[in-house]
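Computed from a predicted structure; not experimentally measured. Convention: sequence-line order gives letters A, B, ...; per-chain numbering from 1.
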There are 2 protein chains.
Amino acid sequence: MGEVLSSSSRKEQVIRVAAELFREKGYVASSMRDLAQKLGIEAASLYSHIKSKEEILHILCFDMAADFMASLEEVEKQQDLPASEKLRKGIIGHIQVMAQDLTASAVFMNEHRHLSQPSLRDFLLMRIRYINRFKGMIEEGVATGEFKKSIDKKLAVMTLFSSLNWMPMWYDPKAAIEPVELGFQLADMLINGLKQNK
Amino acid sequence: MGEVLSSSSRKEQVIRVAAELFREKGYVASSMRDLAQKLGIEAASLYSHIKSKEEILHILCFDMAADFMASLEEVEKQQDLPASEKLRKGIIGHIQVMAQDLTASAVFMNEHRHLSQPSLRDFLLMRIRYINRFKGMIEEGVATGEFKKSIDKKLAVMTLFSSLNWMPMWYDPKAAIEPVELGFQLADMLINGLKQNK
DNA sequence: TGCAAAACCTAACGCCCGTTATGCTGGAAG
DNA sequence: CTTCCAGCATAACGGGCGTTAGGTTTTGCA
């Protein structure tokens, strides 16, 4: 009963190599012939494994999105936590998902806009919903007095995601700091700021 | 004495329209025929005004870079300011330069990697130097006790620039908040954090 | 009014793109 | 030993790309 489950090994390998290529040169500047060469095969042979160039991008983007969603749902289960703690866990989760696959994360971040409709619309809707759930944590924190009343919530959440999403661009996995510690420090910096508290 | 000064009006118009196109679709996905159509002329006619597609990108990136540098030098003239205040002014300056031309800023940010050598190398060197001067402000703040000793300086400066550089992606110039106020709040958020100080 | 210069056009170039159609091959499964 | 099929190759398609060559139109100024 050969299951549909087995997308198997070769397709995944194609996608992984494609992710590296897309990160280096960008989606549009990466040709199927480039990708084939990296795999040691001819361009036409790629179509035994994937339906189109865009399918690769689609898989990369939506698989990452699913991981982000799953991570966030884990955090939101813990309803009794203070907002700042929920936010901290959300940030760490987000960082951990990224650290799991920095290459795919970079593609997710920078290349998703080359998805065509209706995938692009779906993707953007998903992202807005994700961001709004973080915005909710910030608003909760303001409501409970944990966070300043004076902050612009849109600015705050955008700053948060800017910081998070750029991590794959500069983070070196071989560096001293580990993902969880990185997430912890990042959360601390955003929540408490750079300044010494008196 | 026909000066070299006069790059005149039409060339600048071409570049401005190209910037909009590059922001929308990305540099590689934008064709010269797209650009020509936006200007109401034929693609070949563009070459009366510019030498190549890449020249446009080069001008956009390096003109922005010059503006950033000029802004930073203004701040660094004020040597007697405390580090946190220098940092604040640096941030506000950076935001103001961006706000002056959000379209070019977005291109500067997202498309510079499509520059070819040796321009790309020059660009990246310039950017590293710029970032390091902000890093210097942070280190100064740590040395004087204004900022926490515990912060990871690389993380701090990267978070700073992530937040700054993504602004063109979400900032709406028609929104209530003005650039200087935005810069002020962003600086406050990064320096003091979200948290209510007791 | 004349004339140079700026602005634009048509036609075409060689090249690379994503993708399809079709067939070969080597090894696992019965 | 045969069958099957995943994995790959060859050849080719229609089309878009950046750019050039060379000629025409428009414009602004002496």
Side-chain angles (χ1 to χ4, degrees), chain A residues 1-22 24-61 107 111-117 119-120, chain B residues 1-22 24-61 107 111-117 119-120:
Chain A
M1 293 180 196
E3 279 297 347
V4 193
L5 208 163
S6 65
S7 51
S8 222
S9 185
R10 194 56 171 153
K11 179 169 183 176
E12 281 163 17
Q13 192 184 347
V14 168
I15 292 172
R16 215 190 53 238
V17 173
E20 289 165 16
L21 192 63
F22 292 172
E24 280 170 32
K25 310 181 49 169
Y27 174 74
V28 183
S30 302
S31 78
M32 296 304 271
R33 286 167 178 86
D34 289 340
L35 175 54
Q37 195 177 33
K38 267 204 160 197
L39 287 157
I41 61 176
E42 292 298 314
S45 306
L46 290 167
Y47 291 83
S48 302
H49 308 291
I50 46 110
K51 285 199 285 286
S52 66
K53 185 184 179 187
E54 185 168 342
E55 193 205 5
I56 302 176
L57 182 61
H58 189 282
I59 290 173
L60 285 169
C61 290
V107 173
E111 311 299 335
H112 70 258
R113 64 171 160 161
H114 297 292
L115 288 167
S116 59
Q117 302 293 5
S119 299
L120 180 57
Chain B
M1 296 178 195
E3 278 300 346
V4 194
L5 207 162
S6 65
S7 51
S8 220
S9 184
R10 193 55 170 158
K11 179 170 184 176
E12 281 164 17
Q13 192 184 347
V14 168
I15 291 171
R16 214 190 56 238
V17 173
E20 288 166 17
L21 192 62
F22 292 172
E24 279 170 33
K25 308 180 52 169
Y27 175 74
V28 183
S30 301
S31 77
M32 296 303 271
R33 286 167 178 85
D34 288 340
L35 175 54
Q37 196 177 34
K38 266 204 160 198
L39 287 157
I41 62 177
E42 292 299 314
S45 307
L46 290 167
Y47 291 83
S48 303
H49 308 291
I50 46 111
K51 285 198 285 289
S52 66
K53 186 185 178 185
E54 186 169 342
E55 192 204 8
I56 302 176
L57 182 61
H58 189 282
I59 290 173
L60 285 169
C61 289
V107 172
E111 310 298 334
H112 70 257
R113 65 170 160 161
H114 297 292
L115 288 168
S116 58
Q117 301 293 4
S119 299
L120 180 57

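In this entry the distance linking NE2 of B:H58 with P of D:dG18 reads 19 Å, nearest Å. Taking atom CD1 on B:I41 and atom P on D:dT25, their separation rounds to 18 Å, with Å as the unit. For B:Q37 and D:dG16, the CD to C1' distance is 14 Å, given to the nearest whole Å. Rounded to an integer number of Å, the gap from NZ of A:K53 to C1' of C:dT20 is 17 Å. Rounded to whole Å, atom P of C:dC17 lies 14 Å from atom CD1 of A:I56. Straight-line distance from the CD atom of A:Q13 to the C1' atom of D:dA6: 14 Å, rounded to whole Å. D:dG18 atom P lies 9 Å from atom CG of B:L35, rounded to whole Å. For the pair A:L39 CG and D:dA9 P, the computed distance is 10 Å after rounding to whole Å.
Among the heavy atoms of the strands lying under 4.0 Å from B:S48 is at least one base atom, whether or not backbone atoms are also near.
Both A:K51 and A:D34 sit near DNA chain C, but only A:D34 has its closest nucleotide nearer the 5' end. Toward the 5′ end of DNA chain D lies the nearest nucleotide of A:E42, the other residue of the pair A:E42 and A:R33 mapping further downstream.
Here D:dG18 is the nucleotide among D:dG18, D:dC8, C:dA7 with the atom lying nearest to any side-chain atom of B:M32. Closest to the side chain of B:Y47, from the set D:dA11, C:dG18, D:dT19, is D:dT19. Picking from D:dA9, C:dT19, C:dA11 the nucleotide with the shortest atom distance to the side chain of A:S52 gives C:dT19. Considering only side-chain atoms of B:S31, the nucleotide from D:dA9, C:dT20, D:dG18 that sits closest is D:dG18.
Note that NZ of A:K38 and CZ of A:R16 are 10.0 Å apart. Values are rounded to the nearest 0.5 Å.
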For this session: Please test B:Q13 against B:R10 for side-chain hydrogen bond (donor to acceptor under 3.5 Å, both in side chains), starting from the C-alpha separation and ending with a verdict.
Result: CA-CA 5 Å; B:Q13 192 184 347; B:R10 193 55 170 158; 2.9 Å; yes

Problem set entry | Intermediate values then yes/no, side chain to side chain contact (heavy atoms under 4.5 Å, CB included), B:I15 and B:E12 | CA-CA 5 Å; B:I15 291 171; B:E12 281 164 17; 5.6 Å; no

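A:S45 contributes a side-chain N or O that forms a donor-acceptor pair with the base of D:dA9 under 3.5 Å.
Residue B:H49 has a polar side-chain atom (N or O) positioned under 4.0 Å from OP1 or OP2 of C:dC8.
Not one N or O on the side chain of B:Y27 forms a donor-acceptor pair closer than 3.5 Å with the backbone of B:H112.
Side-chain contact check for A:I50 versus A:I59: every heavy-atom pair is 4.5 Å or farther apart.
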